[in-house]
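Along the sequence shown, residues are numbered consecutively beginning with 1.
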Amino acid sequence: MRETIWLTPEPRYSWALGGCDLPAYADHCDRVEVIRDMSALEGFATDVTTRVV
């Protein structure tokens, strides 16, 4: 299974602020994940790899 997943450290409320392009691209992604630290990245990676197997 293939997905387009955008990882961002920015909280969802800030996507429409300033020059953030995420609102323009989010509709073209299967998922947008807010990853704020290495622990969240590790959890995301574990989830993605265990779902595929």
Nearest heavy-atom approach of T50 to D47 is OG1-O, 3.2 Å

Nearest heavy-atom contact between A26 and V32 is CB-CG2, 4.0 Å

Straight-line distance of [X] [atom1] to [Y] [atom2], nearest 0.5 Å:
X	Y	atom1	atom2	answer
C29	L7	SG	CG	9.5 Å
L22	D27	CG	CG	9.5 Å
I35	E10	CD1	CD	13.0 Å

Do L41 and I5 share a hydrophobic cluster, counting only Ile, Leu, Val, Met, Phe, Trp and Tyr and linking them when any side-chain heavy atoms are less than 4.5 Å apart? yes

Going by chain and number, the hydrophobic cluster around Y13 (ILVMFWY, side chain to side chain under 4.5 Å) further includes none

Sorted by chain and number, sequence neighbours left out, side chain to side chain donor-acceptor pair (under 3.5 Å) with E33 holds for R31

Working for side chain to side chain contact (heavy atoms under 4.5 Å, CB included), residues T49 and F44:
CA-CA 9 Å; T49 57; F44 171 78; over 6 Å; no

By ring-ring contact (aromatic ring centres under 6.0 Å, His included), Y25 pairs with (sequence neighbours left out) W6

